[in-house]
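Worksheet for the structure shown next.
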Amino acid sequence: MGGEEVILMGWVREIRDLGKLKFLILADREGHIQVTVKRDVVGEKMLEEVGELTRESVVAVKGTVSSNPKAPGGVEVVPSEIRLINVSQAPLPLEVSGKTKAELPTRLNSRFLDIRRPEVSAVVKISSAVKMSFLRFFDEHGFINVNPPCIVAAATEGGTELFPLVYFDKEAFLSQSPQLYKQILMASGLDKVVIVTPVFRAEPHDTYRHLNEAVQMDIEVAFIRNEEDVLEYYDGVLERILKDLKERCSKELEFFRTPELKLPVKRITYERALELLSRDGIEIPWGEDFSPEAERKLCERYNPVLVKDWPTEVRSFYSMPDPERPEICRAFDLLLGGIEISSGAQRIHELPQLIDALKRKGLDPDKFEFYLNAFRYGMPPHGGWSIGLERFVMALLGLKNIREAALFPRDRRRLVP
Ligand code: ATP
Ligand code: MG
C-alpha cells in the first residue's frame, strides 16, 4: 500500500508536537488515521498553523498514503495541504480521546462529543442495525409497518403513568404503548402489523433500566390459535438480528462482552420459574411479578428465557385467561441478559369478557369506547408482543445502564440535551 492520493475530512483527535515533525490523529466515523506533518513537505508556515490547531477542530487533509509500521493501524497520511474547516473551542467539556474517564451525566451533557468516541458510536450503530434487521425480518414475513398515534385520549392500562399534554381545548396524553391501536388494527383486516415507535412513560422511578421515553418494537398478529403462534417469531427474529449484527457490526461488537445466547429460546412456566428461584434462595409469592434480582437469577440458568402462563392478576387487562384455569393467562415475558426485554400475550377478543376484564382492573369501559368498538363488528383472535429497543441493546451488549443505549436519554432529571 502507498502512494495513493487522498482527501480526508474529520476531527483532530490528538496532536503530538515534535517540533519539525507533528502528528495529528484524524478521526471520522470509520476510525482514526495518523497524519504525519513534515516541515520538508509542507513548509514552515503550514507547520506553524498545524501547531496552533485545537483538538476536535474539523480539518481537510490532502496527502498521500504510505505504510508506516509505527503508525497506529500501520498507515499514515503525509499531507501536502491541510485546511482548517471549523475551529473547536478549548477546553473541551468532555475528553473525546477517552484518556480520562468521565461519569455518565457529564458524558450525556455533551452527548455529541461522547458519540464521537468509537465505543459509544458503536452502540448507536448496533441499535440502528437491530432496528433495521427487526423491520426487514417482519417485512419479509408479510407484516405491514404502521405508526399508531403518539397523542392519545386514553391510557393503555390505567391513568397513572401518562404524561398529560394540552391538545387545543382538550386533555390528551403521550402514548405509553401502541397496544390498544395495534389491537384495533386486528379488526381492520391488516392481520399482521409491525411497529417501531417511541413510547412515553411518566414512571417517576429512577433506575438503571427505565427511561421516560423509549423505543418499542411491536408486532400483532390476527387469526392465531393461541400464544404459541406469536411466540415462535421470537426465535426467528432473534436469530436474524444476531446474524445481521455479525455480518454488519463485527467491528462495533468488539467493544463489548456480549453474552452467548442460546436459541431457540428456553420456555418455562411462571410456576416453574418460582420453583427454580426458590432453589436459588429467592422466594416470590405466587401472584407477584419478578424482582430485578429474580430476573438476573433466571438468566443465569437460561439466557434468554421465556416465562409464560402468568397469574392473570399481575398482567394487563387484555391478556387472555386460560379457559381451564382462569387464574393464569396466556401472557409471557422474555428475559435476556438478566432483564425483561419483552412482554406479550394472546389478547381477549370477546367483547363481554373484555369489558369484564377492564372492570376487574378498576378501569372505566366508557373511557375505552374507541377501543371496544373494534370488538363489536368482527374481531379475530389475536396476540402479539413488544420488545424495548434500549432494553434489548443494553442486555445484548451487557451495558450497565439503559441510558447508554438511548441516544438522548429522558429520565426523571434529564430533559436536555
Ligand atoms: P418493567 O416491568 O420492566 O418496568 P413493563 O412490564 O412495565 O416493564 P411493558 O409494558 O411490558 O413494560 O413494555 C414492553 C417492553 O418495553 C418491556 O419489556 C421493556 O423492554 C420496554 N420498556 C418498558 N418500560 C420501559 C421503560 N420505562 N424504559 C425502557 N424500556 C421500557
Ligand atoms: Mg412487561
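All ligand and atom numbering here is 1-based and tracks the order in the structure. Hydrogens, waters and symmetry mates play no part in the numbers below; they use all other heavy atoms, side chains included.
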>> Heavy-atom pairs closer than 4.0 Å: do any link ligand 1 to the side chain of Ser342, the backbone, both, or neither?
In response: backbone
> Applying a 4.0 Å heavy-atom criterion (strictly less than), which segment of Glu203 is in contact with ligand 1: side chain, backbone, both, or neither?
Replying inline: side chain
> Can an N or O of His210 be found at a distance shorter than 3.5 Å from an N or O of ligand 1?
Replying inline: yes
> Of the listed options (Arg410, Gln179, Arg201, Glu161), which comes nearest to atom 9 (P) of ligand 1 when hydrogens are ignored and any heavy atom counts?
Replying inline: Arg201
> Within a strict 4.5 Å, meaning less than it, do heavy atoms of the Arg301 and Arg279 side chains meet?
Replying inline: yes
>> Regarding ligand 1, does Ile341 bring an N or O atom to under 3.5 Å of one of the ligand's N or O atoms?
In response: yes
>> Could you work out, for atom 22 (N) of ligand 1, the closest of Met394, Met217, Arg391 by heavy-atom distance?
In response: Arg391
> Are any of the side-chain nitrogens in Glu76 or Lys70 under 4.0 Å away from the carboxylate oxygens of its partner?
Replying inline: no
> Partners of Arg16 by side chain to side chain donor-acceptor pair (under 3.5 Å), sequence neighbours excluded?
Replying inline: none
> Looking at Trp385 versus Tyr234, is the centre-to-centre ring distance below 6.0 Å?
Replying inline: yes
> Below 6.0 angstrom between ring centroids: does that apply to Tyr233 and Phe143?
Replying inline: yes
> Is Lys297 salt-bridged to Asp280, going by a charged N under 4.0 Å from an acidic O?
Replying inline: no
> Quick one: are Val194 and His141 in side-chain contact, heavy atoms under 4.5 Å?
Replying inline: no
> Between Arg412 and Glu203, does at least one N-O distance fall below 4.0 Å, as a salt bridge requires?
Replying inline: no
>> Check for me: within less than 2.8 Å of the Mg ion (ligand 2), which protein N/O/S atoms show up?
In response: Glu340 OE2, Ser343 OG
>> One pair to check against side chain to side chain contact (heavy atoms under 4.5 Å, CB included): Thr106 and Leu94. What are the steps and the verdict?
In response: CA-CA 7 Å; Thr106 311; Leu94 182 73; 4.2 Å; yes
>> Tell me whether Ile387 has any N or O atom under 3.5 angstrom from an N or O of ligand 1.
In response: no
>> Is the distance from the ring center of Phe317 to that of Phe368 below 6.0 Å?
In response: yes
> Is Ser386 close to ligand 1, meaning an N/O of one under 3.5 Å from an N/O of the other?
Replying inline: no
> Hey, is Ile402 touching ligand 1 through its side chain, its backbone, both or neither, going by heavy atoms under 4.0 Å?
Replying inline: side chain
